[in-house]
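Residue numbering restarts at 1 for every chain, and letters A, B, ... go by the order of the sequence lines. Note that this is a predicted model, so its numbers are computed, not measured.
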Amino acid sequence: MVGRREENQVPENPNMSKDKTSFFQDVLDVARLIPVGRVTSYGAIATYLGAARSARMVGWAMNSSFTSVPPVPAHRVVNRNGDLSGRLQFETPTKMQELLEAEGVVIKNDWVVDFAKVFWNPTNELNIVD
DNA sequence: CCCATGACTTGAA
DNA sequence: TTTCAAGCCATGG
């Protein structure tokens, strides 16, 4: 092989037929489905998309969420511990917490207190239509 | 092209 | 319980 995937660049897909780039899009899509006052984890989204070991890409996709339209509620995505690991990526380190609290989610020390309660699992909530 | 890093997760010790 | 190592794949130097 000459290179890894130099040609995997997809400038713009007029026809969303390519599933290759859908991962990023799907991540953003699922994130938009998170109900208000609920949160989910990177791994949950990754697992839902069939890439349980690619949780990191989910986080990377969220980074792209800031410039994506419609806007993605990235503040509703935390790590498996319920920690606001991505708070530093927001406008201000406290923005993420403020957004969550505004939705009724109790945050304490950069941690979702009722994580087990407000946790929203796409694989469980979103039924896969057969 | 090679190397390092990252909004993570899992499994083994 | 905590800690360490490996896997994931895109992006940047």
Integer-rounded Å distance: C:dC8 C1' and A:F23 CZ: 9 Å

Side-chain touch A:W111/A:L84, heavy atoms, less than 4.5 angstrom: no

Neighbours of DNA chain B within residues 96-106 of chain A, by heavy-atom distance under 4.0 Å: none

Nucleotide nearest A:F90 (side chain, heavy atoms from C-beta), chosen from B:dT10, C:dT11, B:dA7: B:dA7

Closest listed nucleotide, where the reference is the side chain of A:Q89 and the choices are B:dA7, C:dA10, C:dC8: B:dA7

Interatomic distance, A:F115 CZ vs B:dC8 P [rounded to whole Å]: 13 Å

Close side-chain approach of A:V39 to A:V77, heavy-atom, < 4.5 Å: no

Close approaches to DNA chain B from residues 74-82 of chain A, in residue order (heavy atom, under 4.0 Å): A:A74, A:N79, A:R80

Candidates C:dG7, C:dA10, B:dA7 - which lies nearest the side chain of A:N63: B:dA7

Distance in Å, A:N121 CG paired with A:I45 CD1, rounded so as to fall on 0.5 Å steps: 10.0 Å

Output side-chain donor-acceptor pairs under 3.5 Å for residues 96-107 of chain A, partner residues at least two apart or in another chain, one line each.
| from | atom 1 | to | atom 2 | distance (Å) |
| --- | --- | --- | --- | --- |
| A:Q97 | NE2 | A:E101 | OE2 | 3.1 |
| A:E98 | OE2 | A:T94 | OG1 | 3.2 |
| A:E103 | OE1 | A:G37 | N | 3.3 |
| A:E103 | OE1 | A:R76 | NE | 3.0 |
| A:E103 | OE2 | A:H75 | NE2 | 3.0 |
| A:E103 | OE2 | A:R76 | NE | 3.2 |
| A:E103 | OE2 | A:R76 | NH2 | 2.8 |

Nearest-0.5 Å distance that lies between atom CG in A:D114 and atom CZ in A:R38: 11.5 Å

Whole angstrom value for the distance that separates P of C:dC9 from CZ of A:R56: 11 Å

Nearest-Å distance for atom pair CG/P, residues A:D26 and C:dA10: 14 Å

Heavy-atom side-chain contact between A:L33 and A:W120 under 4.5 Å: yes

Most 5' of A:M62 and A:R53 on DNA chain B, judged by nearest nucleotide: A:M62

Euclidean distance for C1', B:dA7 against C:dT3 (whole angstrom): 22 Å

Distance in Å, A:E125 CD paired with A:T40 OG1, rounded so as to fall on 0.5 Å steps: 9.5 Å

Interatomic spacing from CE in A:M62 to CZ in A:F24 - rounded to 0.5 Å: 10.0 Å

Nearest listed nucleotide, side chain of A:S41, among B:dA7, C:dC8, B:dT9: B:dT9

Minimum-distance nucleotide to A:W60 side chain [options: B:dG6, C:dC8, B:dA7]: B:dG6

Side chains of A:N81 and A:F115 in contact at under 4.5 Å (non-hydrogen atoms): no

N/O (side chain, A:S54) to phosphate O (OP1/OP2, B:dT9) under 4.0 Å: no

Given C:dC8, C:dA10, B:dT9, the nucleotide with the shortest approach to the side chain of A:M57: C:dA10

